[in-house]
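Written below as structure tokens is the structure these notes are about.
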Amino acid sequence: MVRLILTEDYEALCRSGADFLAGVIAAKPDAAVVFPTGETPMGIYRELAERLRRGEIDATRLRVFQLDEYLGIPPDDHRSLFRWMESALISPLGIPMTNVVRLSVNSSDPEAACQAYDEAVRAVGGLDLSVLGLGPNGHLGFNEPPSKPDSTTRVVELTEESIYSNARYWGARDRVPRRAITAGMDVLLSARQVLLVVSGEHKRDILHRALEGPVTPDVPASYLQLVPDVTVLADRVAWGPERVR
Ligand code: GLP
């Protein structure tokens with residue numbers, strides 16, 4: 001079932017997202033959670049870091065799983081999604097690296113690295129929570145269309161749309177890596193809870209296609225309609241002021 005939380009603006013979305021995560025941490029301090037990068041969750045992470053400074057939360061026991069990563073870039077490349085996650089979330093929240101499962105994109109055997117990731121998820125008994133952003137083409141992580149719900153963690157070719165939307169981080173479209181590793185749909189959808197965060201008018205069309213359109217591999221996020229416990233946190237401009245469900 002999808003539960004929709006609409007907020008007035010992005011600031012309210014961030015407070016609401018932080019409330020949600022604080023609730024998860026309070027209920028299970030060592031929850032296993034996959035976290036996204038992208039612009040949308042950044043304000044939520046800042047809000048969590050603020051709450052940590054005020055002594056309101058303790059996230060140090062969280063077990064963090066990386067969502068996606070470009071393939072074949074040096075491990076310390078500042079444009080890697082891991083470095084982004086480290087500086088935006090892991091380090092500000094004081095989460096020890098021993099609690100973090102990283103996608104090893106530099107391994108000579110990426111397929112084995114994917115299997116190791118899925119094995120690490122199994123070893124903790126599955127994810128407690130998938131926190132996800134919504135790609136402009138309906139992707140989750142880098143599960144590009146078409147992606148089936150049972151797809152495992154794997155190497156993917158990025159679509160032109162994803163290359164275009166990520167070009168701002170690389171300076172130019174032709175500098176964006178063409179391939180990535182993504183946590184599989186299977187891992188993300190079988191988490192005990194899913195939180196999808198969506199902000200901005202440019203996501204309106206794909207958000208409605210994901211939640212109200214046909215369930216199809218062509219819109220990977222549409223499979224969220226079949227997941228038992230999904231919370232969609234969206235601001236008014238993303239949902240559309242005139243549209244009430
Ligand atoms: C990117 C990432 C996703 C992210 C999504 C939305 O391409 N692969 O993990 O959630 O697109 O990003 P944003 O929040 O910047 O819109």
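Both ligands and their constituent atoms are indexed starting at 1 by order of listing. In this chain, numbering begins with 1 at the start of the sequence shown.
- Heavy atoms of Gly141 approach ligand 1 to within less than 4.0 angstrom.
- Glu111 has no carboxylate O lying under 4.0 Å from a charged side-chain N of Arg154, or vice versa, which leaves the two without a salt bridge.
- Atoms OH and OG1, on Tyr169 and Thr37 in that order, are 7.5 Å from each other to the nearest 0.5 Å.
- Per-residue contacts place Lys203 under 4.0 angstrom from the following atoms of ligand 1 (heavy atoms of the residue considered): 13 (P), 16 (O).
- With a 4.0 Å cut-off on non-hydrogen atoms, Leu140 does not touch ligand 1 at all.
- For ligand 1, the atoms sitting less than 4.0 Å from at least one non-hydrogen atom of Asn166 are 7 (O), numbered in the order shown with element in parentheses.
- The parts of Thr40 lying near ligand 1 are both backbone and side chain, judged by heavy-atom distances below 4.0 Å.
- Under the 3.5 Å distance criterion, the side-chain polar atoms of Gln225 are matched with a main-chain donor or acceptor of Gly213.
- Taking distance alone, with nitrogen or oxygen atoms compared against 3.5 Å, His202 stays at or beyond that limit from ligand 1.
- Close contacts between ligand 1 and Asp68 involve ligand atoms 2 (C), 3 (C), 8 (N), 9 (O) [criterion: under 4.0 Å to a heavy atom].
- What sits closest to atom 12 (O) of ligand 1 on the protein, heavy atoms only, is Gly38 CA, 3.9 Å.
- Two rings, from Trp84 and Tyr45, have their centers 6.0 Å or more apart.
- One finds a salt bridge joining Arg51 and Asp19 here, because a Lys/Arg side-chain nitrogen approaches an Asp/Glu carboxylate oxygen to under 4.0 Å.
- Given atom 15 (O) of ligand 1, the protein heavy atom at minimum distance is Glu39 N, 2.8 Å.
- In this structure, atom 10 (O) of ligand 1 lies nearest to the protein heavy atom Gly133 CA, 3.4 Å.
- Closest to atom 4 (C) of ligand 1, if we only count protein heavy atoms, is Thr37 O, 4.2 Å.
- Distances from ligand 1 to the non-hydrogen atoms of Leu81 include no value under 4.0 Å.
- Side chain of Arg178 to main chain of Val176: a donor-acceptor pair is present (N/O by atom type, distance under 3.5 Å, no hydrogens or angles).
- Scanning all protein heavy atoms for the shortest distance to atom 6 (C) of ligand 1 gives Leu134 O, 3.7 Å.
- Among protein heavy atoms, the minimum distance from atom 5 (C) of ligand 1 is reached at His139 NE2, 3.7 Å.
- Between Pro36 and ligand 1, not a single N/O pair is under 3.5 Å apart.
- Counting heavy atoms closer than 4.0 Å to ligand 1, residue Leu67 contributes side-chain atoms (C-beta onward) but none from N, CA, C or O.
- In this structure, Arg83 does not pair ionically with Asp77, as no charged nitrogen and carboxylate oxygen lie closer than 4.0 Å.
- Checking side-chain atoms of Thr216 against main-chain N and O of Asp218 turns up a donor-acceptor pair under 3.5 Å.
- The aromatic rings of Trp170 and Tyr70 sit perpendicular, their planes meeting at an angle over 60°, well past the 30° parallel limit.
- The pair Lys148-Asp150 fails the salt-bridge criterion, with no side-chain N (NZ, NE, NH1 or NH2) lying under 4.0 Å from an Asp/Glu carboxylate O.
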